[in-house]
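What follows is a single structure, written as structure tokens, with notes after it.
These numbers come from the heavy atoms of this one structure, side chains and all, not from hydrogens, waters or symmetry mates. Values in this document were obtained by computation on a predicted structure and should not be read as measured data. So you know, we letter chains A, B, ... as the sequences are listed, proteins then strands, and number each from 1.
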Amino acid sequence: MKLVQETPFRFRIERQAPMRVPGVVFVSRDLMPEEQALQQIVNVATLPGIVGASYGMPDLHWGYGFPIGGVAATDVSAGGVVSPGGVGFDISCGVRLLAADLHREGLVPVMDRLMDDLDAATPRGLGGGGVWRLPGPAQLDRVLREGACFAVRAGHGEARDLDRCEDQGAVAGADPGQVGTRAVERGLLQVGSLGSGNHFLEVQAVEEIYDEAVAAAFGLRLGQVCVMIHCGSRGLGHQICTDHVRAMDKAMIDYGIGVPDRQLACVPVDSPEGRGYLGAMAAAANYGRANRQLLAEAARRAFRQVAGAALALVYDVSHNLAKVEEHDGRRLCVHRKGATRALPPHHPDLPADLAPFGQPVFIPGTMGTASYVLTGVPGGHAFHSTCHGAGRVQSRHQAARSTSGRELRARLEGRGIAVRGSSWRGLAEEKPDAYKDVDAVVAASVGAGLCRMVARLVPLGVVKG
DNA sequence: ATGTCC
């Protein structure tokens, strides 16, 4: 593999057969990922119909088929493919940020009670029940088609929330008929739950503002209390990915498609299997949005009761999704896996009041480190995409071996960060040093011209999945 | 990420 540094934050992997396009990785030398992740960029570059380049974001690391932090677009009318590995198992995993009408000083006297209420109001952990007990598949069908809109229609939220969600709260084209019975069974029990792993609900404070005008437009000011929710589509999305990878693995033979890694199973976007996956994926995306909407409502109740404060939605955006988008007059299937859409100012898909400022992007740090609010920039690369988080450097196993959950919690609480966990093991697996430095990832993203900084948020309390 | 293997 021939890696050429083009700028301080951009490396090119020269195209050589069977690559159809070059690789472009937006990293600094310090953030250069393991060889396996770069090899995955190369593998993705061989996919039928891929255009531009196979991209890697600054938080790039090894994943299932595609790297996490990978962006790839295929030309639908030129036999371009869709690959479930380009979205990942946690379909539509994403982040929502809410801003409280409250300064962090006002929170101090009620913080313990607030954290206890959020702890009780946030279903989480492996398996388990959600905040909604769906009576049956008919109700789930509406969640899958209508996403956050269904939650709001059912009284869980305000109309304005939907203006501040990607796709106004529901991805079009959801096809519940493509969601298997097992995915349905798993989905019925988990609507409105956080999950586990790196998913969390965090109470944060705005510590620094880099762009006053954009921050004000997003509804953010210095010292303000915020709530960040990071979660996905739970077992439902996972099962959909499993089912459709299996189906494509068989079907791709009929389309004469060969890939260097079986985990890159794919079929043309414009095929029954391709449309089937995208329909099921959209349904999972809507499930994820309903999930975040319901969790946000639970947080609103706690804030209202304990602090008399209201929470306004800043935005809700996914970082694991494939979307058919128009770029330079072509219909492209843009896969973003561990990569966040970052629309530039004046993009037609932005809500009117945000149009001059670009799309809000949220980068969750790890427990105990900062999170960032970013915005899209004109001329953004990689089909308007940027990073999504810190990115792991240690496996879960490595992380849990070197730290205990109790020790970690004591360390965080010693620094004034309240912790409400769901399992000690899960807590240990998420220790901050298991991740890259989120400050460096964001600096590289800005340096590479993928986005710009709006605000930095610090954790006050974390409800951990 | 995930009822961490049907």
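Atom CZ of A:Arg392 is separated from atom P of B:dT4 by 17 Å (rounded to the nearest Å). Atom OH in A:Tyr64 sits roughly 15 Å away from atom C1' in B:dT4 (whole-Å rounding). Between the C1' atom of B:dT2 and the CD atom of A:Glu430 lies a distance of 14 Å, rounded to the nearest Å. Atom CZ in A:Arg246 sits roughly 13 Å away from atom P in B:dC5 (whole-Å rounding). Whole-Å rounding puts the A:Phe89 CZ to B:dT4 P distance at 13 Å.
Non-hydrogen atoms lying under 4.0 Å from DNA chain B are contributed by A:Gln190, A:Gly195, A:Ser196, A:Gly197, all within residues 187-197 of chain A. In the region residues 226-238 of chain A, proximity to DNA chain B at under 4.0 angstrom, judged on heavy atoms, holds for A:Arg234, A:Gly235, A:His238.
With sequence neighbours excluded, no residue satisfies salt bridge (charged side-chain N to carboxylate O under 4.0 Å, His left out) with A:Arg20. Evaluation of the side chain to side chain contact (heavy atoms under 4.5 Å, CB included) rule for A:Ser193 yields A:Pro123, A:Gln190, A:Arg234 as partners, not counting sequence neighbours. With sequence neighbours excluded, the residues forming a salt bridge (charged side-chain N to carboxylate O under 4.0 Å, His left out) with A:Arg409 are A:Glu413, listed by chain and number. A search for side chain to side chain contact (heavy atoms under 4.5 Å, CB included) contacts involving A:Ala120 returns nothing, not counting sequence neighbours. In this structure, A:Asp163 has no salt bridge (charged side-chain N to carboxylate O under 4.0 Å, His left out) partners at least two apart in sequence or on a different chain. When the side chain to side chain contact (heavy atoms under 4.5 Å, CB included) test is applied to A:Arg133, no partner is found at least two apart in sequence or on another chain.
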Take A:Glu202 and A:Gln204, measure what side chain to side chain donor-acceptor pair (under 3.5 Å) needs, and give me the verdict at the end.
CA-CA 6 Å; A:Glu202 219 167 71; A:Gln204 305 174 334; 2.8 Å; yes
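Within the structure, salt bridge (charged side-chain N to carboxylate O under 4.0 Å, His left out) pairs that include any residue of residues 261-281 of chain A comprise A:Asp249-A:Arg262, A:Asp270-A:Arg275 (at least two apart or interchain).
Between A:Arg396 and A:Leu126, the residue anchored nearer the 5' end of DNA chain B, judged by the nucleotide with its closest heavy atom, is A:Arg396.
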